Amino acid sequence: MLKSVILAAGKGTRMKSDTPKVLHTIFDKTLVGYVIEAVNNTGLADENFVIVGHQAERVDEYIKENYKNARTVLQSPQLGTGHAVSMVLPFLQDFEGEVVILCGDTPLITSETLKEFVEYHRENNSDLTVMSAIFDNPTNYGRIIRGADNRVEAIVEEKDATPEQKGVNEINAGIYCLDWKKVKPAFSQLKTNNAQGEYYLTDIIKWGNENGLSVNGYILKDNTEIYGINSKSNLAEATKFLNQRVINKHLTNGVTIIDPSATWISPETEIESDTVIYPSTYIEGKNKIGKNCKIGPFAHLRGGVILDDNVKIGNFVEVKKAHIKSNTNACHLTYIGDAEIGSHVNIGAGTITANYNPLTKEKSKTIIEDNVKIGSNSVLVAPVKVSEGANVGALSVITKDLPAWALAITRAPLRVLEGWVKSKIKK
Ligand code: UD1
Ligand code: CA
């Protein structure tokens, strides 16, 4: 099993935020979370080291809470990317496998690419493999310098590059795979004699060549995978890239998406074929949507949503943590949270499951069985159960469980005062 080292100690000044850069989110998942999960999903790694510096405590707390096979290592002060990786030396004294190095601010890297990258490293009997990419505009990236035999000789940073080297458009993507035992000695030999006065991780390439290691380059196919986040504008752009990727997958799988540019679907949402997603729908978190459903326009699924087949979630309907069985409709202006809803249920316009008690901060469940009809503008005050076939009259507030096939209605009786209006009009 290999280990990963994820660099995340940098400040992220350009985010202009009190939140550490790698804790910013795309679809509710942090940037560093995406990177850790990409590594974990390769199935090749058993431990992730996240190098932290700025606001280290916050990142540490987050990692501890969310990722069991990840731990943070403090780098203070931050003396460069090579220095950052050297922080794991005490933890990997006797480790003999591979170490993959990544950045915490490139959330779009996929586990498929990482897997292919490590396979490439293994198949070529490489000791040190760097991921590269071909960029039309390579400015600010480290350039990959190849020798006459096309072998990777060195990486030269923009600030240290000669005009000729600046013309190279193969750049360092910042992802490396190392035979740890062989490359480890490099970290105690890095120097700071460069334009930025830092310990450059990139110098391990030259070191490897000088020390008789096999050094190779793997060229990335989809450049968006190493898109780095340095600003809120980058964050918005990355969200778009990720969304496009997700939407293309669903379109390929037979989901109809009327307007991909106005639809947002989180990567952890599964959707079966022939479901139609109407514009201005926003789907975040982990969800499972069946066949032939109709979602939107203007629907909001907030995670933990399971829809069986033929479910309709219409405009201005918000759903969170709910299982809705087949052929059930909630077509307009509704909130469904912490609910289990049977099949052939009709949820009238304006229905609310009141699942949250702000005084106790507790959430409670609403259970609605098959064939129930909920009249418009009703409030179901959870915990509450509406048994099979029961009907709720419009404008009712349901505060206790309803037996099967009952009618429940809390509305004041209608009074009709004939001629009342005319009697009030002054002659
Ligand atoms: C680095 C590479 C460059 C490559 C680019 C890809 C070096 C010297 N250069 O440049 O060749 O093209 O990434 O994006 O490695 N970090 C720490 N501790 C430090 C310094 C940095 O954890 O002391 C982290 C940062 O938080 C960031 C990552 O390392 O996540 C990269 O650092 P950054 O300064 O952005 O490197 P670049 O200058 O972009
Ligand atoms: Ca830098």
Side-chain angles (χ1 to χ4, degrees), residues 4-15 17 19-24 30-36 48-56 58-60 63 72-88 100-109 128 130-135 137-145 152-161 165-166 168-176 178 186-187 190-207 217-220 223-231 234-235 238:
S4 90
V5 177
I6 299 168
L7 307 186
K11 191 159 183 200
T13 317
R14 279 186 286 153
M15 294 303 279
S17 171
T19 301
K21 176 158 93 173
V22 294
L23 295 191
H24 281 77
T30 62
L31 304 185
V32 69
Y34 278 99
V35 179
I36 294 172
N48 302 287
F49 294 92
V50 181
I51 309 299
V52 294
H54 285 278
Q55 299 204 57
R58 278 186 66 182
V59 183
D60 181 59
I63 297 284
T72 59
V73 181
L74 183 66
Q75 181 201 17
S76 179
Q78 287 93 44
L79 304 178
T81 48
H83 178 249
V85 175
S86 72
M87 296 296 110
V88 302
V100 171
I101 302 168
L102 311 99
C103 281
D105 58 3
T106 52
L108 302 186
I109 187 72
L128 171 46
V130 57
M131 191 183 289
S132 73
I134 311 295
F135 274 20
N137 177 10
T139 311
N140 290 330
Y141 285 93
R143 307 297 205 283
I144 303 285
I145 307 304
V152 175
E153 284 184 342
I155 297 173
V156 177
E157 293 303 294
E158 170 94 16
K159 287 184 176 139
D160 302 287
Q165 289 169 333
K166 280 184 186 162
V168 171
N169 67 352
E170 183 178 6
I171 61 98
N172 169 23
I175 298 178
Y176 314 78
L178 331 175
F187 291 99
L190 294 176
K191 307 235 157 50
T192 57
N193 55 346
N194 52 56
Q196 302 188 76
E198 292 177 1
Y199 293 99
Y200 284 172
L201 174 57
T202 45
D203 285 349
I204 62 173
I205 304 297
K206 193 153 172 262
W207 182 92
Y218 165 96
I219 303 176
L220 184 66
N223 289 348
T224 63
E225 290 200 33
I226 52 145
Y227 188 80
I229 312 295
N230 291 305
S231 65
N234 292 156
L235 190 64

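We count ligands from 1, going down the list as the structure has it; atoms in each ligand are counted the same way. These figures come from a predicted structure and were not determined experimentally. We're numbering straight along the sequence, starting at 1.
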**Request:** Please check if any side-chain donor atom of Tyr176 sits under 3.5 Å from a side-chain acceptor atom of Asn172, or the reverse.
**Result:** yes
**Asked** Any side-chain donor-acceptor pair under 3.5 Å between Asn194 and Lys159?
**Response** no
Donor-acceptor pair, [X] side chain versus [Y] backbone, under 3.5 Å?
{"X": "Arg143", "Y": "Lys166", "result": "yes"}
{"X": "Arg58", "Y": "Ala56", "result": "no"}
{"X": "Lys21", "Y": "Ile229", "result": "yes"}

**Message:** With respect to Ala9, determine whether any N or O atom, backbone or side chain, lies less than 3.5 Å from an N or O atom of ligand 1.
**Reply:** yes
**Item:** ligand 1 N/O within reach of Ala84 N/O, cut-off under 3.5 Å
**Value:** no
Going by the atom numbers of ligand 1, which of them fall below 4.0 Å from some non-hydrogen atom of [X]?
{"X": "Glu157", "answer": "2 (C), 3 (C), 7 (C), 8 (C), 9 (N), 10 (O), 11 (O)"}
{"X": "Thr202", "answer": "7 (C), 8 (C), 9 (N), 11 (O), 15 (O)"}
{"X": "Asp105", "answer": "30 (O)"}

I'd like the name of whichever of [options] reaches closest to [atom] through any heavy atom.
{"atom": "atom 19 (C) of ligand 1", "options": "Gly142, Cys103, Gly80", "answer": "Gly80"}
{"atom": "atom 12 (O) of ligand 1", "options": "Leu79, Asn172, Ile6", "answer": "Asn172"}
{"atom": "atom 36 (O) of ligand 1", "options": "Val22, Leu7, Leu102, Thr81", "answer": "Thr81"}

**Prompt:** Which of these, Asp160, Thr192, Thr81, sits in a side chain to side chain donor-acceptor pair (under 3.5 Å) with Tyr200?
**Reply:** Asp160
**Item:** Ala8 near ligand 1 by a heavy-atom separation under 4.0 Å
**Value:** yes
**Message:** Please confirm whether Gln75 approaches ligand 1 to less than 4.0 Å, judged on its heavy atoms.
**Reply:** yes
**Message:** Would you say that Asp203 contacts Lys191 through its side chain, given a criterion of any heavy-atom pair below 4.5 Å between the two side chains?
**Reply:** no
